[in-house]
Every structure is written in C-alpha cells, then in structure tokens.
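What follows is a single structure, written as structure tokens, with notes after it.
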2 protein chains.
Amino acid sequence: MPYSKTDETAINTIRTLAVDATFAANSGHPGAPMGMAPVAHVLFNKFMTFNPKNPDWLNRDRFVLSNGHGCMLQYALLHLFGYALSIDDLKHFRQVDSITPGHPEAHDTPGIEVTTGPLGQGVANAVGLAVAQAHTAAVFNKPGYDLVSNYTYCFFGDGCMMEGIASEACSAAGHLQLGNLICIYDDNHISIDGDIKCAFTEDVSKRFEAYGWHVQHVDDGDNDLEAIEAAIAKAKEVKDKPSMIKLRTTIGYGSKLEGTGGVHGNPLKADDVKQLKEKWGFDPEKTFVVPQEVYDMYHKHAAEGAAAEQEWNKLFEKYASEHKDLAADLKRRLAKELPEGWQNKLPSYKPSDAAIASRKLSETVLEAIHDVLPELMSGSADLTGSNNTRWKNAVDFQPPNLNIGDYSGRYMRYGVREHAMAAMMNGMCAYGTIIPAGGTFLNFVSYAAGAVRLSSLSHQRVIYVATHDSIGLGEDGPTHQPIETLAHFRALPNMMVWRPADGNETSAAYYMALTSKGTPSILALTRQNLPQLEGSTLEKGIKGGYVALEDKEADVTLVSTGSEVSLCLEAVKTLKEQNLKARVVSMPCTEVFDAQPKDYQLSVIPDGIPTMSVEVMTTLGWEKYSHEQFGLNRFGASGPYKKVYEKFEFTPQGIAKRAKLTVDFYKDVKPLRSPVNRAFQQLI
Amino acid sequence: MPYSKTDETAINTIRTLAVDATFAANSGHPGAPMGMAPVAHVLFNKFMTFNPKNPDWLNRDRFVLSNGHGCMLQYALLHLFGYALSIDDLKHFRQVDSITPGHPEAHDTPGIEVTTGPLGQGVANAVGLAVAQAHTAAVFNKPGYDLVSNYTYCFFGDGCMMEGIASEACSAAGHLQLGNLICIYDDNHISIDGDIKCAFTEDVSKRFEAYGWHVQHVDDGDNDLEAIEAAIAKAKEVKDKPSMIKLRTTIGYGSKLEGTGGVHGNPLKADDVKQLKEKWGFDPEKTFVVPQEVYDMYHKHAAEGAAAEQEWNKLFEKYASEHKDLAADLKRRLAKELPEGWQNKLPSYKPSDAAIASRKLSETVLEAIHDVLPELMSGSADLTGSNNTRWKNAVDFQPPNLNIGDYSGRYMRYGVREHAMAAMMNGMCAYGTIIPAGGTFLNFVSYAAGAVRLSSLSHQRVIYVATHDSIGLGEDGPTHQPIETLAHFRALPNMMVWRPADGNETSAAYYMALTSKGTPSILALTRQNLPQLEGSTLEKGIKGGYVALEDKEADVTLVSTGSEVSLCLEAVKTLKEQNLKARVVSMPCTEVFDAQPKDYQLSVIPDGIPTMSVEVMTTLGWEKYSHEQFGLNRFGASGPYKKVYEKFEFTPQGIAKRAKLTVDFYKDVKPLRSPVNRAFQQLI
Ligand SMILES: [Ca+2]
Ligand SMILES: [Ca+2]
C-alpha cells in the first residue's frame, strides 16, 4: 500500500513529541523513539488491532517495548491514538506523580501492557504473553469462534539482545513454536558505550535461526515503509515459528547527532531541535505540536479497533449462548475472581498426620485444586521432580507436533531458565487469563531477581514455588543453600514471602497467594519432612503470624518459620527442664503479619517478655520482630541435613541455650516493649 | 595415538569411583561423571599440563567443571593424579567438613579452580580465566619468554547451555576472540526433567557459530577416544576463536539406566553397581578400587607436569634477571600483595571542597590509583559514562584486529551482560593476577545475584561499582531505583556493601575493597552530588561506622549512610530549633563495623539514648543498629531527584519529625541499651 505525506507527518510528529518531551524533562532517551517511529507507525496504524477506549479488551494485539527507555515512543502513540493519556501528560514526562514515568509501568498508564526498562525483561514478557495467547486460544476457541487470535508484537534493541534473559526466553519461544509472536530488532549499532562493535559482534540473526525462529531483514528502517509492511505481513503468515525482523535504523534520525551514542540517553540541544523541526516543516517556536491530519489518521484506525471490539463482543455473546460454561469461566478469569468455594479443596491436617516435606505438601495442594482452578498454570525450571510442581494427570504446554503435549496443556517445561521463567510468568499473568506458578530451588530464585522485582512492581499474581529452602537441603551444600535469599525478598515491596511450617500453613500460603490479586508470592518449601503442628490452622496461617503454643506465664517468646517451628516446640521442653517457660510463634509470612491490626500483632509478640527469632539463615530483618536472633550469618555446609543442623547448633538444645541467654539479658529492662511497638509508622 | 587397555581401565576407574562415592553418600550425581569419563581421561592425561604438588603454579592449564553437580568426576581425577585429596576424602563425599562437598568449592579443595554448581557460572568463569590468561600474557610475555600460555578447558552440559549467563559469557568470548578457551559440551540429551526435547530443541552449535566460535562435533564420546583427541588437538590450533566441541555422550554409561534421567541425580542401585563392576572387570564386592596401573599412568603424567613447572621456574628465573620489574610485579600480584605505599595515592578531601557525586569520586580514585595498581582491571556493563569506571587514558581489552584496543588493555566492555560480567570477574580474579572492578547500576547488580553470591562464597576480591544507588537517580524511576538491594547483599555472608557519604569515605571503601584479599565489595554510589563532610577521614571510614558529629548531651543518635548523612547533619540544626540535641553516625559499611571491637561499636552507638537509622530504601536490617528506622518500604517514583526526596519526606524536616517521635517514645525505657548490645554472639 502506498504511503502518503500524512504518514511522513505522523512519523515526524512522533519524533518531535519525543524530542520535546525529553527536552522539557531535561532527561530521557530521544534516540530510540526517533529511530523507531517509522516501524511503530506502520505497525500500529496498519497492523495492530486495539480499542484505546478499552485497553482491557481481551483480543487486542499486545505491544511490548522491551527497550523501555524509549517509552516516549509509546507514550506518543498512546496519546495520538486516543488512549487516556493527554498532551499534558506528555508535558509531564518524568515528573513526580505523572502517568508518564521514565520507563513504562503497566499499572500507571492505560495501554501499557507490561512494565519494562530493565533490559531483556520486555521480550521475555512478550514470550509469556504469546504463551498465554496460545493457551487461551487452545482452551476457549471453538469451531466458528476464533475468540482469541491476537498477535504479540515486541520491539527490542541491542541491549535486550545482550541480556541472558532474552536468550533464555527466545530459545524457549523457538521451542514452543509461538507463531503469533513477532519481534522487531532495532538494529541501530549503538548502545550506551557507543558503537556496539566494542562488545557485541555476534550474528544475531543466525542466533535466532538457531533458536528456531523465522528471521527477516529490512535494510532501510528509516525510510522504507513498504519493506517494513511487507516484512510484518510475511511474519504474520508464518504460524509455526516466532518471527524476528532485524530492522536497520538510525538512532536519533533527523538529529545532527543521528547514528551516534550522543542521542541515546540525552535530550537534544536547542539548536538541534530547531533544525529538525524546520527540516520537517514544524514551527520551531512551538512544542508538543500535533497536526490535525495526524490525529485524524490515527483516530480513524482507533475507530476501526473499537468496531473490531464491537464485533468481537457480539461474537462473544453468541459464544456465551452456545458455550455457557466456557464463557462464564473466561469472564470470571478476566475479573480476576476465583470460582466460588474453591478454597474448600485446600487440604487440612491434624497433628496426628504424618510428617511431610512442604514441597510435597505443595504438590498435594496443586493436586487438590488444579481441577477447580483452570487458570492455574504450573511449571518448573527443569526441576519438576524436585519442586513437586506437577499434578499427576497434567498435560504439558507444548507445540502439538512434538507429541508430548499441546497448547491447552497447563504444565510448562521452562528449561533451566529461571530468569526467563519469572519474566514469562509476568507476561502470562499480564495477559489476564492465567495464574502462573513456577518452580525452582529457593537459591535460584536469585537468578530471576530482575524479573521477580517486576512481578512486585507491576502487581502480578505470580507464584514462585521455591523448594530446597535452607541448609535443610543437605548434601548439595553451600552453593545451593540459601542464606540471604529470604531477607532479599522480604525487603522487596509488594512481595509475600511464605515459609510454611506444616500442611495447614502450606494451604494458607496458597490461599493468600491465589486470592491476592495484585501481589506475587514466593513459597519457600523444604526438602525434608516436617511434622504437622498442634494448633495450626489455615485461618491462623493467613494472618501471617500466630501463636502456635501459648503460655501466659512465659519467660520468652520464640518466633520462627518453616522447619524451625517444630524445633522451637521441642526446645520448649528443653527449657522446661531448666525451669523456663516459653511460648512459640509461627510466622510464615512477615509481610502479611505486618498488615494485621496492631492489637493482634501485640497479642502474638507481646510486651513484657523478650522474643527470640529462630530461622536457619540470615538474621537480617528479624530484629524487627524479636529482641534477639538465632540464625546463620555464614554459608552452610554439605552433608546429611541432620548433621548440618547439628553443626550449626540448630537443635532444641542450641535454641534453649540462646533463649536462656535472652531471658537473662532482658531481665533488668523496664518496660520491655514488644519489637512491634514502634515510635512511628513506615512509609509504604 | 593408539589407546590401550589401561586407558579403558582408567576410564572405568573414574566411573566406579563416582558410582561408589555417590552410593556411599546415598546422594549425588553419578550420570555425568560416567558419561564424561572418556573425554576427561583424554583431556587430563593427553593435553593438560599441571603439577598436582603445586596447584597454584601460574602457567598450569585451567579446568572448569561448569556442570558442577558432576564433581565426583573432578574429585576422582584429582585423587588419581595425586593432588592432596585422598581415597578417604572420596569416601567422605558430601559429608560435613569434608573437602569433597556436593559441588566443587575452590577454597575447600586443592585443584578446584572455581566454585561451580549453580548452572552457567562455570563457563562464564572459564571465559574470565581465559581473559585473564590473554591479558597476563600480553603484559608479561616477552620475546623468548612465553611465560603465560596456558589453556582454559571447560566442560558444560545442557543445563549450562539453557542459562542466560552462559549465553552472555559465550557471546562475549566470541567477541573477544579468546583462542585459548576450549569448551566441551556434554551433549547427552538429558536434563533433570528427562529428555531435553521437552524444553531445549535449539541448534546449540549454530548458536556458537553465531557467537563467532570454532565448533566441532564428536559423534561417539563414549568410545571414540581418537576422535576426542583429534578434536581437542584441532581446537588448540585455532588461535583466533574460542572452541566448542559438541560431544555426544551417554549419561550414566554402563548403568542399566544409561541414557535416562534416572542416572542424573540419584545413586545407582546395588544390583546395577554389581553388574557394571562385573562388566568392567572390577570386583563387585570391593569399593573405591584403583588398579595400580591407573595410578601409574596418571602419576607419570603428573610427573611430566611437575617437570614442566620446573622448566618454567627456570625460565622465570632467567626472565627475572632480564625483566626485573615485571618479574617482581608478577610475583607481588600472585602473592595478592599491593605495591608499597599505593594507598598514598588515594584522594582525600576537606569540608570546603566541592560537592561531588560519589560515582565521580570513584572515578577520581580510579584515575589516581590505576598507575600504581597495574593489576586493577576496570570495566562496565555498557554504562561506562554513567558508572564513571574508565580512567582517561585507559586502553580497552580487545582483540587487536578490531583496532579499538588490545589484550594488554585494562578496560573491559562487558556489554549489557551483568550476570556474565560478575562471573567473568570471578574467573579473572581466580586466575591470580588481576583485581577486577566492574560497573553497573546498583539495581542491576541484582541481575548478577547468582554470580555475586559466588564472589562471596569463593572469596574473590572482586569490586562491584554500583552507581545510581537509590531514588536519588531521579527520573529513570521505580524500575531503576533500588529499594531491597542493599539489604539483599548485606545479608550475603562475606560481602562488604559500601555506601560512602563523601570523598574520604569513597577512598576508604576502595582501601578496604582492595586490601581485603578474600572478600568482594559492592560500592553503592550516587548519581547526585554529595557535600564533603566535616570530620570524615579515611581512617574513620575504614572502621565501617564512626561518629560524624558528636554531642555528649545528645538526645538521639542518627545513623545513616551515603547521600542521607548530609541530610542528617542538616536535620541536627532543625532539631536544635526544637531544643533537641542529636549526634550523627556515618555507617558506610555495616559488615566492617560489625568486625570492630565491641567497645568501639558502643562508642559509636551508645547506650542510654535512642538511635534512629536514616536510609532512603528498605528499613530491613537497620533494626540491628537502631531503635527506630526511617526508610522507604515501597517503590520509588520518577521525577527530578529533589522532588522525589521531598515526596517521601527525606528532608531535614522529615528526619527531625521522626527523630523527635523516637526520643519521646523511648523516654520511659530504663536501661535503654544500644542495639549493638546483644545477649549472645552470632554464628559467623
Ligand atoms: Ca541499540
Ligand atoms: Ca545433559
């Protein structure tokens, strides 16, 4: 299709908006928006289907800007097409409390699908969005009802391509044959350090072919709109592979510094802005100018998107009459509601039940709930048998031609790709129809830290099944034994870190993880068996912390988590022999405990007696809940787990010894306040 | 060269030792050692030069087992060749306090070069070892003195190949044209989840070709010793590219379950052990058997290695007479000593000096010391201009044919590859002649968490230059603003986390980072300017915490770090207007402060008055040093940094308000103990 002067004007409007916004903010990245404006124009105006008035429409095409620093590109497009993002919002780019922050944040800005900026995350999110599309289509589409058919488009740059997470995700996408995923590589030869020949001389196209992708090249991404259009059209036709289009562009196209690192991360100079506006027929005295013809062109395409949604809504109504249950299920999922009564499936335990490892208890939960929660999609980073993440009759999510599963399958084999797993789960969750749960060893959740952080920041209901949670994993030794990991993720805002002590607490952890619509969870689970506690219940567990053993005359409170709670209960007996009385608090999730009313918190960790924490890893952070801390501020050891526990004195005797020292030490302090009694509230 | 029956016996001895050790431990991974025994035999006995009696000899060939779970392969080899690892040590595989832990740990076991097990780390370490070799050769080799010419060999498996860190490192290695790096890919089609066709169907060879590697295939790695030998010989000849040999092997070769996931992570069953010992002519009633001919064969090769070292020592003596300074420098580096008086180059500052960002102060340190510390090799993950890691006349470490540097260069362009950067630095440090320093934003040190952890665990003197350390980075916003990061790494054992408040503290941080031979450091540095403090000195800074402003009549102690120390000093004035007296403690490194004598600690954070911490990120962990905490337990905001600080009340007024609440809250508590006063010592 021939391109007109208006197309050119539209492209230059995107560019000048990016130039003006970064200039006004005196900060930001004009180069990528200027270089990618042509492909963005072609993609958004010729190919993508979306309704700016309803950014939540299920079957919209998804767009991910993996090189998120170029977000003025996306903000400009959102404004021009008529999303709820005004010209004033563009003027407040990178200002406090604006909806146009320095990198795109999904929960801040209508039309932003996922939060990007940390390089490589976006493309892995896009793989997750494409997985979710394929799965949702396989589950809900029926003959005559092609309800779910959207494409996922992603832009990425050299920075993303250098990040390991992108390699992991793109290898997975090739394996999974995600035909509706189309990525465009902004091949501009520039990264922050200048010409990429300093660090990055590999053959990216060949790498993607090795992953099993369909690869095309466009040589002149600055001007050849027809070639861009043809490449995207071709990519859409390829249905058995993800597509990558390597697009040669000029960073900062139009600037005096075009093609150099000078336009990457700094606003243009005033005289440079002037010359390019004059060159493109814009009034150099004016800023944030949008010619009416550009609005007209884009609003026309937006109206087509709105009409497409209308059509879809009609189709869905008809579908709902023919496939009542499926339609109801889809609606329910999109509202983030769980099926009524699902929680009755959660297992409960009596103290007389057998001792079981919490990784196994987690498996029992998954076995019990997977039928009633069809949106739950489990998986593992190549540790299925160790993470116990797979229910017995699970079907793998796999391309059908491999004969090991199909796209309706709800079990993901992520491979040994923890970081991509986490980012793919963020994308899968962002799609709107899936609750992803993915397993690895707790120690290797750290490999995924970059993406786990974005689960929290972007409010994704993602569940990390993190087994082998301590030195209790035994023989694998210090390279695999977490010390710092729980402190790390407890310090991360909007993350629930659960370390259940038994079966009822494991059920509680899942209850909270599944019902917290905007908060991810890490479930830290043991390899070794744990006894079922007296007095644990799901109701107590979901308070985050509760009294597992009360004694109104106690000399000391022991507060503990996971495998150490039962050790503390044993220590109470040891202390009794020394005429000391102790009460025990189980604290499976400090974040949830923090959200309880203060009087409840004080009933659990009361004034008047000292509290000692017991957790077999770093003590860092436990000072918040205890006067003294028994932990492990060093690396662990390789050996049978009971021997390792003994080596570090994590025995009833080791606990009792320290509890006695704690009691003695605080005898003279009056009043002895509970550590939860504080002088002022924290900013949260 | 023809292979004899003894070669076969040697290979089967390695296999049976791995089988016996995992059986005795009832834990571990027999499959990889059994599959890789042939290539290990050929490599160690035909190609590698090493002296088991001196595992520290500089020019030894390096070996890295990236699939570290197969460590019984390496332990068996070390024993058989005569390293200080006895047959009893093999019998104590995976037992507490043995030198044969579940994964290889460099600091535990003679002959282990780097600590591996977390997948992908080893191959990235190997790239670092090869970088160090190329650099050390370029600096020290002279005509007639090929002092440094060793190869780095690495084994890796499918798991490593799926990890993003391996992709990053191998892409970097291809760019750097590291000809002395030879990797062998154990292509056994099995990972923990079973056949890799479930998750990993890419063309690994093609991927490595895309990275610029020389690639060969060996089809029968189980039996074809000649082909293995030919491939390694060919790889050694290729000097302008790293080499990868894809070796088809059978996991658990010889077991009834060979070729299946069943032999990956579980000991063999007794009857299986019996049949394979019978098959190979070993007495099935005996365990840990080594035929004398095997010892003889391997000890002969070890003797050749010892002789090679003798030769080398003679060469070095001659070198020392001709190149006195270089020889002395090399000896000094290998002893981990710094040049005498180097510390006099560290800059010092007066309060009247200009306010400067600590990232810039760090640059000034590097500029000042790079001449006297030739072992210092700086670099950045594509943020050179932001991290300020490059001194003005630095030469890039680059392959000479790119015309942008050479191998003697001391500045690494790691690309946007944080995780590989960290692991490469671990390898570079392990080589023995380099102190690596690498830059990224503090927030993206989290991308490297897996490797940072191994810097700590394996005692590597590695320096992370982590700029843009807080919401003070401003406009880039929450995706880039660390909240949890310092807590994460403070919780990591054997890691110094520095957050200097001014120029003298920045010098102190470098002083400690460079003189701590077995401890890595993270230097958290600001983007924004910081005033030079009254009363800061290097001598005070290296205590980790000190009194920046004393007041013997103080009502409250404010303890703070980095950019917030000067805010606290301002807050003292605000408090004075409210008739409250405050003293200020600067705590640039809690880990170092923890190592001070208790009476010093109590002089800094005394009994009797409350202490409030002030740091513009998570409060988690500050309870250890303060009664109350002012921090930020939520994500930040995008905007000019002063506005962001104001939004969260990080102003003198915001601090003073909370300090007053703290004073009031603790008025009635007697005695009010310093938080550093504890009931018992932690296990460290
Ligand atoms: Ca680029
Ligand atoms: Ca394998």
Side-chain angles (χ1 to χ4, degrees), chain A residues 27 94-96 101-103 117 159 162 164-165 167-168 171 175 191-193 198-203 206-207 210-211 382 384 413 415-417 446-447 449-450 475-477 479 484 487-488 491-493 618 620-621 623-624 628 633-635 637-639 643 658 661-662 665 679-680 682 684, chain B residues 27 94-96 101-103 117 159 162 164-165 167-168 171 175 191-193 198-203 206-207 210-211 382 384 413 415-417 446-447 449-450 475-477 479 484 487-488 491-493 618 620-621 623-624 628 633-635 637-639 643 658 661-662 665 679-680 682 684:
Chain A
S27 161
R94 294 188 153 225
Q95 302 307 305
V96 168
H103 293 82
M162 288 189 251
I165 181 178
S167 296
E168 292 176 9
S171 170
H175 169 80
S191 68
I192 293 181
D193 270 14
C198 292
F200 187 56
T201 44
E202 64 173 59
D203 183 339
K206 189 168 179 178
R207 170 150 73 99
Y211 294 150
D382 195 47
T384 296
R413 306 277 185 175
V416 193
R417 304 180 181 109
S446 302
Y447 268 44
E475 291 88 347
D476 273 347
T479 55
E484 76 286 9
H488 171 192
L492 181 65
T618 183
L620 192 124
E623 297 89 351
K624 184 174 173 187
E628 296 290 317
N633 292 310
R634 52 157 285 168
F635 289 107
S638 170
K643 298 278 184 198
R658 289 169 178 81
L661 289 168
T662 299
F665 191 71
F680 55 88
Q682 297 296 330
I684 50 170
Chain B
S27 160
R94 293 189 154 226
Q95 301 307 306
V96 169
H103 292 83
M162 288 189 251
I165 182 177
S167 296
E168 292 177 9
S171 170
H175 168 80
S191 67
I192 295 181
D193 270 15
C198 292
F200 188 56
T201 44
E202 64 172 59
D203 183 340
K206 188 167 180 178
R207 171 150 73 99
Y211 295 149
D382 195 45
T384 296
R413 306 278 184 175
V416 192
R417 303 180 181 107
S446 303
Y447 268 45
E475 290 88 347
D476 273 347
T479 55
E484 75 285 9
H488 170 192
L492 181 65
T618 184
L620 192 124
E623 297 89 352
K624 184 173 173 187
E628 296 290 318
N633 292 309
R634 50 156 287 167
F635 290 107
S638 169
K643 297 278 184 197
R658 288 167 178 83
L661 290 168
T662 299
F665 191 73
F680 56 88
Q682 297 296 329
I684 51 170

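Proteins come first, then strands; the chains are lettered A, B, ... in the order of their sequence lines, and each starts at number 1. Predicted model only: the values in this text are computed from it and were never measured.
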Of all of [options], which one pairs up most often with chain A through heavy atoms under 4.5 Å apart?
options: B:Glu202, B:Arg94, B:Arg207; result: B:Arg94
options: B:Thr479, B:Asp203, B:Asp193; result: B:Asp193
options: B:Arg417, B:Arg413, B:His488; result: B:His488

**OP:** Measure the CD-CZ distance between A:Glu484 and A:Phe635 for me, rounded to the nearest 0.5 Å.
**Re:**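 That separation rounds to 6.5 Å.
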**OP:** Could you tell me the separation between the CD atom of B:Glu623 and the CD atom of B:Glu628, rounded to the nearest 0.5 Å?
**Re:** 9.5 Å
In terms of heavy-atom pairs under 4.5 Å with chain B, which of [options] leads?
options: A:His175, A:Glu168, A:Lys206; answer: A:His175
options: A:Asp476, A:Thr618, A:Thr662; answer: A:Asp476
options: A:Gly164, A:Ala210, A:Gly117; answer: A:Ala210
options: A:Ala491, A:Ser27, A:Gly477, A:Gly102; answer: A:Ala491
options: A:Gly639, A:Ala637, A:Pro101, A:Ala199; answer: A:Ala199

Subject >> Heavy-atom pair with the smallest gap, counting every atom of A:Tyr447 and B:Gly450 >> reply: CE1-CA, 3.8 Å
**OP:** Taking all non-hydrogen atoms of both residues into account, name the closest pair between A:Ala449 and B:Ser446 and its distance.
**Re:**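 Reported closest heavy-atom pair: CB-O, 3.7 Å.
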Original post:
Can you list the residues that meet the side-chain contact (heavy atoms from CB on, under 4.5 Å) rule with B:Ser191, with sequence neighbours excluded?
Top reply: A:Asp382, B:Met162, B:Ile196
Subject >> Non-neighbouring partners of A:Phe200 that pass ring pair (Phe, Tyr, Trp, His ring centres under 6.0 Å), sequence neighbours left out >> reply: none
**OP:** May I ask you to decide if A:Ser167's main-chain N or O and A:Ser171's side chain share a donor-acceptor pair within less than 3.5 Å?
**Re:** no
Original post:
Measuring heavy-atom distances to chain B, does A:Thr201 have an atom under 4.5 Å in its side chain, in its backbone, in both, or in neither?
Top reply: both
Subject >> chain B contact via A:Ser638 - side chain, backbone, both or neither, heavy atoms under 4.5 Å >> reply: both
